[in-house]
Amino acid sequence: MKFISIVVPCFNEEDNVEIFYDSIKRVFDKIQNRVMFEIIYVNDGSTDRTGAILKRLSSENKNVSFIDFSRNFGKEAAMLAGLEAASGDAVVIMDADLQHPPELVEQMVNEWLSREYDIIYARRTDRKGEPFLRSWFSRNFYKLINGISDVQIANGASDFRLMDRKVVENILKLKERNRFSKGLFEWVGFNSKCIEYSNIERNAGNTSWSFVKLVKYAIDGIVSFSTAPLQWATIFGFFTAFTAFLYMLYVIISTVIFGISVNGYASIVSFLLFFGGIQLIFLGIIGEYIGRIFIEVKARPHYVIREQILSEFKTINEDHKELSRV
Ligand code: UDP
Ligand code: MG
């Protein structure tokens, strides 16, 4: 029998985590003759009762693990902690707010059991309920990042996905601190299949993504997966240097022929301001890369765990692995 780990990052999800457990259990009850499952809840420094509820859930259910962070480290860190703790033959990552329909998990498991695909990911086909401007920025962000990096991320592709053990092992080899998982999942490759679904609004609570956070996330994605912005500086530099050279010839020749005129105040001030601004922008871009080098070099841990209760399946799974090898 195959064994599946479900990783669920949770930040202030007190009204969702129990409903989530019940709906996942219903799905797995249907396919219990083929697969077993464990849930790994990662409490990412919630300030509500999420931690207490999860602790109770894990003490009541043998197949529930609970990892409690010492503070909020962000969803990327929570997903990483879950992947590291997961021992399944495949791992599914899901949000706790029921925006990722649990019924799709059954479809993912079936596709995976057919052994044709190593990754089965879900993609929302619409952005119902999302502000227009936010959708517009998202769409164009995907166009941009796909245009300037090696990875191709589908618009609407979420972290909701099933990954075979070999995919997970390779993702865990990527130790970078600035984790942009959407890109990392693509970067490792493997055969993937897309399942489409229509957007669902969150069950209870609020999204933790403000517009500013999304812009920062987009910059993170671009800087983590592309050095194109640095090349833009070089290309722009060559272009302006060449144009400046032509202008210089013009100024020299006209001075020799017509003598020195005192006109030109407006153009000098415009050039000064314009190129001052451009230089600051490119300094900022270089700064984005240097800042990330700084964070990588310090090599701090991705998260700090206050407490963890691991599912008893952890040991059962070790036996089960022995069995499947025989
Ligand atoms: N989440 C987390 N840490 C954070 C923010 C969010 O673990 O700092 C979790 C959250 O509990 C949820 C998932 O990440 O399970 C997605 O978050 P959210 O629903 O706020 O994002 P959205 O669905 O709006 O993209
Ligand atoms: Mg959500």
Side-chain angles (χ1 to χ4, degrees), residues 5-24 39-54 57 64-86 91-102 104-105 121-135 137-139 141-142 153-161 177-182 185 197-218 220-221 302-306 308:
S5 304
I6 310 225
V7 169
V8 192
C10 307
F11 175 62
N12 292 347
E13 304 281 7
E14 59 182 1
D15 294 325
N16 294 326
V17 284
E18 274 173 301
I19 306 176
F20 178 86
Y21 179 76
D22 292 338
S23 42
I24 281 292
I39 295 191
I40 300 162
Y41 283 114
V42 184
N43 178 30
D44 184 15
S46 300
T47 50
D48 62 2
R49 287 169 30 253
T50 305
I53 299 172
L54 291 181
L57 267 177
V64 174
S65 292
F66 168 54
I67 299 174
D68 194 23
F69 280 0
S70 61
R71 65 169 171 86
N72 180 259
F73 282 91
K75 186 184 174 187
E76 295 288 344
M79 288 196 292
L80 176 66
L83 288 180
E84 282 175 346
V91 181
V92 178
I93 302 180
M94 291 179 82
D95 286 0
D97 57 9
L98 297 164
Q99 275 189 304
H100 295 161
L104 283 192
V105 175
Y121 68 95
R123 189 177 87 85
R124 11 176 222 172
T125 46
D126 62 291
R127 292 173 170 271
K128 197 175 64 197
E130 204 180 71
F132 171 78
L133 204 63
R134 194 168 148 172
S135 306
F137 271 106
S138 299
R139 253 196 332 270
F141 163 69
Y142 287 113
I153 307 169
N155 178 14
S158 55
D159 297 326
F160 180 23
R161 58 186 60 226
R177 262 80 203 156
N178 299 290
R179 294 186 82 76
F180 181 71
S181 285
K182 279 192 176 120
F185 295 150
Y197 72 103
S198 178
N199 195 29
I200 300 170
E201 292 192 33
R202 123 197 289 289
N203 179 54
N206 292 313
T207 173
S208 43
W209 289 92
S210 63
F211 190 71
V212 174
K213 263 192 177 174
L214 278 176
V215 172
K216 280 192 183 149
Y217 181 71
D220 256 348
H302 293 85
Y303 52 83
V304 175
I305 294 178
R306 174 165 47 200
Q308 64 177 342

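Remember, it's 1-based here, ligands and their atoms both numbered in the order they're listed. Side chains are part of it too, since the values below use all heavy atoms of this structure and drop only hydrogens, waters and symmetry mates.
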Where ligand 1 meets [X] - atom numbers and elements under 4.0 angstrom, heavy-atom basis:
{"X": "D97", "value": "19 (O), 23 (O)"}
{"X": "C10", "value": "7 (O), 11 (O)"}
{"X": "G74", "value": "3 (N), 8 (O)"}

Taking the side chain from H100 and the backbone from M94, do they hold a donor-acceptor pair closer than 3.5 Å?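 Here the side-chain-to-backbone pair does not exist.
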
Main chain of P102, side chain of S23: is a donor-acceptor contact present, judged purely on distance under 3.5 Å? no

Nearest to [atom], what protein heavy atom do you find, and at what distance?
{"atom": "atom 14 (O) of ligand 1", "result": "K75 CD, 3.2 Å"}
{"atom": "atom 25 (O) of ligand 1", "result": "W209 CD1, 3.6 Å"}
{"atom": "atom 6 (C) of ligand 1", "result": "S208 OG, 3.3 Å"}
{"atom": "atom 11 (O) of ligand 1", "result": "E13 OE2, 2.6 Å"}
{"atom": "atom 18 (P) of ligand 1", "result": "R202 NH2, 3.5 Å"}
{"atom": "atom 16 (C) of ligand 1", "result": "D95 OD2, 3.2 Å"}
{"atom": "atom 3 (N) of ligand 1", "result": "D44 OD2, 2.6 Å"}
{"atom": "atom 9 (C) of ligand 1", "result": "P9 O, 3.6 Å"}

Please report the shortest heavy-atom distance between [X] and [Y], naming the atom on each side.
{"X": "A157", "Y": "K182", "answer": "O-CE, 3.0 Å"}
{"X": "F20", "Y": "D95", "answer": "CE1-O, 3.5 Å"}
{"X": "I40", "Y": "G82", "answer": "CD1-O, 3.9 Å"}

Under 2.8 Å from the Mg ion (ligand 2), which protein N/O/S atoms are there?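 D97 OD2, Q99 OE1, with waters left out.
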
Do the ring centers of F141 and Y217 come within less than 6.0 Å of each other? no

Can you tell if the side chain of H302 reaches within under 4.5 Å of the side chain of F73, non-hydrogen atoms only?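 Of all side-chain heavy-atom pairs linking F73 with H302, none is under 4.5 Å.
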
Take F11 and N72 through the test side chain to side chain contact (heavy atoms under 4.5 Å, CB included) and record every step on the way to the result. CA-CA 8 Å; F11 175 62; N72 180 259; 3.2 Å; yes

Using 30° and 60° as the class boundaries, would you call the ring planes of Y303 and F69 parallel, tilted or perpendicular? parallel

With side-chain contact (heavy atoms from CB on, under 4.5 Å) as the test, pick out the partner of Y41 among D44, N43, I39. I39

Should the heavy atoms of other residues, nucleotides or ligands under 6.0 Å from CZ of R134 be counted, would the total exceed 12? yes

For the residue pair T50 and E13, confirm or rule out a side-chain donor-acceptor distance under 3.5 Å.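 Absent: no donor and acceptor within the cut-off.
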
Under 4.0 Å, heavy-atom basis, I'd like to know which part of N12 is in contact with ligand 1: side chain, backbone, both or neither.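 Near ligand 1, N12 shows nothing, with every heavy atom at 4.0 Å or more.
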
Based purely on interatomic distance, does A96 place a nitrogen or oxygen under 3.5 Å from a nitrogen or oxygen of ligand 1? yes

